[in-house]
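Convention: sequence-line order gives letters A, B, ...; per-chain numbering from 1.
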Number of protein chains: 2
Amino acid sequence: MNKENLSAVLRQHGICPTQQRLAVYAYLQSHRTHPTVDTVYQALVKEQPSLSRTTVYNTMRALTDAGLIRVVTIDPDEQHFDAGIEDHGHFRCSRCGTVYDFPLSADTVRPLLPNGFSVTTWDIYTNGVCPHCQ
Amino acid sequence: MNKENLSAVLRQHGICPTQQRLAVYAYLQSHRTHPTVDTVYQALVKEQPSLSRTTVYNTMRALTDAGLIRVVTIDPDEQHFDAGIEDHGHFRCSRCGTVYDFPLSADTVRPLLPNGFSVTTWDIYTNGVCPHCQ
DNA sequence: TTACTGTTTTGTAATGATTACAAATTCAGT
DNA sequence: ACTGAATTTGTAATCATTACAAAACAGTAA
């Protein structure tokens with residue numbers, strides 16, 4: 001997706017597409033590696049030396065509230081962020097810490113969800129050792 | 001489960017059943033409310049004024065490593081702990097913050113898990129509004 | 001252009017959970 | 001009681017995240 005499209009998406013969700021927000025959102029779109037705030041900050045500050053960590057935090061909050069990205073809380077130490085909002089699960093390797101996606105359809109998950117609660121989001125987090133570390 | 005049984009369980013898992021560890025484990029067994037370290041500490045320090053928060057942290061680590069309790073990372077701010085190690089999912093109310101259990105059998109979850117990864121633990125976290133807050 | 005207004009960004013300081021660490025305590029075995 | 005290992009305790013450090021206020025920016029009207 002190019003800058004114009006990203007801009008339009010942000011605007012459609014009531015977020016003013018500033019330089020910084022576009023940069024963060026574009027980074028997440030093109031790096032589907034579940035980066036942390038600090039990873040994104042370190043990458044973008046090279047181009048925008050004036051960028052502030054706070055701006056990255058604020059942007060993550062705005063994008064999350066708008067439903068454009070998700071927070072992945074699989075790591076007890078840091079929040080990870082994911083621009084992939086289609087249905088999928090997450091796997092975290094306990095050796096190398098890498099977070100992987102795996103496919104998962106909402107139709108197979110929905111029957112498992114609890115009755116009587118209005119579920120707005122669900123996440124499936126799995127831990128173990130990835131093929132690369134075995 | 002009484003003190004003697006709890007003691008035996010700890011010993012079977014290679015954990016020396018000290019006063020403090022027993023107190024923490026007994027608290028988790030009898031309070032299935034997914035308490036945080038601080039909640040447990042505040043409750044137990046009334047009986048054991050010398051109790052240290054560090055001891056509670058250390059005990060949580062030991063019990064987790066032994067597989068006697070699980071960490072619930074559904075709350076981005078704090079870790080919650082759960083003595084229920086039978087299969088179940090978690091629901092967190094975004095209004096009141098309460099974490100609920102809901103039943104879930106391993107047999108229904110297993111087919112959803114990714115191939116090629118050796119999954120050692122899985123968690124299903126759901127968010128929304130609980131019946132009490134609606 | 002200039003002044004005005006609301007929004008966004010920035011940098012620093014505060015917060016708060018968690019960990020590191022070393023001294024004090026407990027405890028088993030001699 | 002004495003020794004040595006394990007455990008607990010309290011304090012200090014770490015580090016992700018948030019709060020906050022000043023500076024920068026964008027748009028609009030005169």
Margin query: Please classify the nucleic acid contact of A:Arg53 as base, sugar-phosphate, or nothing, using heavy-atom distances under 4.0 Å.
Written below: nothing
Check: Considering only C:dT8, C:dA17, C:dT10, which nucleotide approaches the side chain of B:Tyr57 most closely?
Finding: C:dA17
Notebook entry, point to check: Does A:Ser52 make a side-chain N or O approach to OP1 or OP2 of C:dT9 shorter than 4.0 Å?
Noted result: no
Check: Would you call B:Ile124 and B:Leu104 a side-chain contact if the rule is heavy atoms closer than 4.5 Å?
Finding: yes
Notebook entry, point to check: Of the nucleotides D:dT9, C:dT9, C:dT19, which one has an atom closest to the side chain of A:Gln20?
Noted result: C:dT9
Note to self: As a test of reading the structure: which of D:dT8, D:dT11, D:dA16 is closest to the side chain of B:Thr18, going by heavy atoms?
What the structure shows: D:dT8
Checklist line | Closest approach of A:Pro114 to B:Phe91 (non-hydrogen atoms, all atoms of both residues) | finding: CG-CD1, 4.4 Å
Next item on the list: For A:Asn58 and C:dT10, give me the distance from atom CG to atom P, rounded to whole Å.
Entry: 10 Å
Check: What does A:Asp77 touch in the nucleic acid at a heavy-atom separation under 4.0 angstrom: a base, only the sugar-phosphate, or nothing?
Finding: sugar-phosphate
Next item on the list: Rounded off to whole Å, could you give me the CZ-to-P distance for the B:Arg21 and C:dT26 pair?
Entry: 15 Å
Next item on the list: Could you check how far CD of B:Glu78 sits from C1' of D:dT17, rounded to whole Å?
Entry: 14 Å
Note to self: What's the closest nucleotide to the side chain of B:Thr54 if the choices are C:dT18, C:dT8, C:dA20?
What the structure shows: C:dA20
Next item on the list: For A:Ser50, answer base if it contacts any base atom (sugar-phosphate contacts may also be present), sugar-phosphate if it contacts only those atoms, and nothing otherwise; contact means non-hydrogen atoms under 4.0 Å.
Entry: sugar-phosphate
